[in-house]
Amino acid sequence: MIPRAALFLGLAGVLPFAWGALTTWFPGLAPGWLPQRLVGPYVQVFYGSVILSFMSGVLWGFATKAEGRVAAVGYAVSTLPALWVAFLVGGGWEWSSLVLIAGFIGLLALDAGFQRRGLAPGWWLRLRLLLTGLVVICLALPLA
């Protein structure tokens, strides 16, 4: 069972993605005084870059539970989401949204690998599947 705090905080973390999707489809929802970077796909790209990079740190934390070669590989692959953002996000919101979608889906593979090795909690992949599904849908809506 996913711990209640992890579930609620994880779902709260989806709110900026949902806000971006809603304000793309319904621009009148956003007050006129909000800067453009806080609405539509722009908030999604900015926040998505932060969260995908944050997830590198989460994976790094999981790697600390391992030893030897498994730990070394864990540390190395934990840097991939942040490097993905650093080198591929940019060049317009459309491209960046696609890159983030691919990044979040790729992150699931890393999550599964850490869980398979017993480094992530047993409930981790269920939470990540739910959150990733919601994030990918939100990122895809402005592209539709």
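Because the structure is a prediction, the values reported are computed rather than measured.
- Between the T79 side chain and the A76 main chain, a donor and an acceptor come within less than 3.5 Å of each other.
- Without hydrogens or angle criteria, S49 side chain to V85 main chain gives no donor-acceptor distance under 3.5 Å.
- The CG atom of L108 lies 9.5 Å from the CG atom of L131; values are rounded to the nearest 0.5 Å.
- A donor-acceptor pair is defined here as one N or O able to donate and one able to accept, closer than 3.5 Å; such a pair exists between the side chain of W84 and the backbone of V99.
- Side-chain contact check for V45 versus Y42: every heavy-atom pair is 4.5 Å or farther apart.
- When every heavy atom of S53 is checked against every heavy atom of A82, the shortest pair comes out as OG-CA, 4.0 Å.
- In this structure, L22 is not a member of the same hydrophobic cluster as I101, with clusters built from ILVMFWY side-chain heavy atoms closer than 4.5 Å.
- Summarising the geometry of Q44 relative to F17, their closest heavy-atom pair is NE2-O, 2.8 Å, with the distance given to 0.1 Å.
- Summarising the local packing, CZ of R126 is surrounded by more than 12 heavy atoms from other residues, nucleotides or ligands at distances under 6.0 Å.
- In this structure, V58 is a member of the same hydrophobic cluster as L11, with clusters built from ILVMFWY side-chain heavy atoms closer than 4.5 Å.
- Atoms CG and CZ, on D111 and F114 in that order, are 8.5 Å from each other to the nearest 0.5 Å.
- The backbone N or O of S78 lies less than 3.5 Å from a partner atom in the side chain of S56, making a donor-acceptor pair.
- Here the closest non-hydrogen pair linking W93 and P142 is CH2-O, 3.3 Å.
- Atoms CD and CH2, on Q115 and W123 in that order, are 9.5 Å from each other to the nearest 0.5 Å.
- At least one side-chain heavy atom of R128 sits under 4.5 Å from a side-chain heavy atom of M55.
- The closest side-chain heavy-atom distance from L139 to L98 is not below 4.5 Å.
- Remark: F104 CZ to C138 SG distance equals 11.0 Å, nearest 0.5 Å.
- Put simply, CG on L107 and CG on L80 are 10.0 Å apart, with the number rounded to the nearest 0.5 Å.
- A donor-acceptor distance shorter than 3.5 angstrom exists from the side chain of W25 to the backbone of L141, with no hydrogens or angles considered.
- Of all non-hydrogen atoms in G90 and S96, the two that sit nearest each other are N-OG, 2.9 Å.
- With hydrogens and angles ignored, the 3.5 Å screen pairs a side-chain donor or acceptor of T23 with a backbone N or O of G40.
- Between Y47 and W19, the gap from one ring centroid to the other reaches at least 6.0 Å.
- Clustering ILVMFWY residues whenever any of their side-chain heavy atoms sit less than 4.5 angstrom apart, transitively, puts L15 in a cluster other than the one holding V135.
- Crowding of Y75 atom OH: a count of heavy atoms from other residues, nucleotides or ligands under 6.0 Å exceeding 12.
- Under a hydrophobic-cluster definition in which Ile, Leu, Val, Met, Phe, Trp and Tyr are linked whenever side-chain heavy atoms come within less than 4.5 Å, directly or via other members, L59 and L125 are assigned to different clusters.
- One distance of note links CG of L143 with OG of S97; it measures 5.0 Å at 0.5 Å rounding.
- Cluster annotation: F54 and W60 are assigned to distinct hydrophobic clusters (Ile/Leu/Val/Met/Phe/Trp/Tyr, side-chain heavy-atom contacts under 4.5 Å, transitive).
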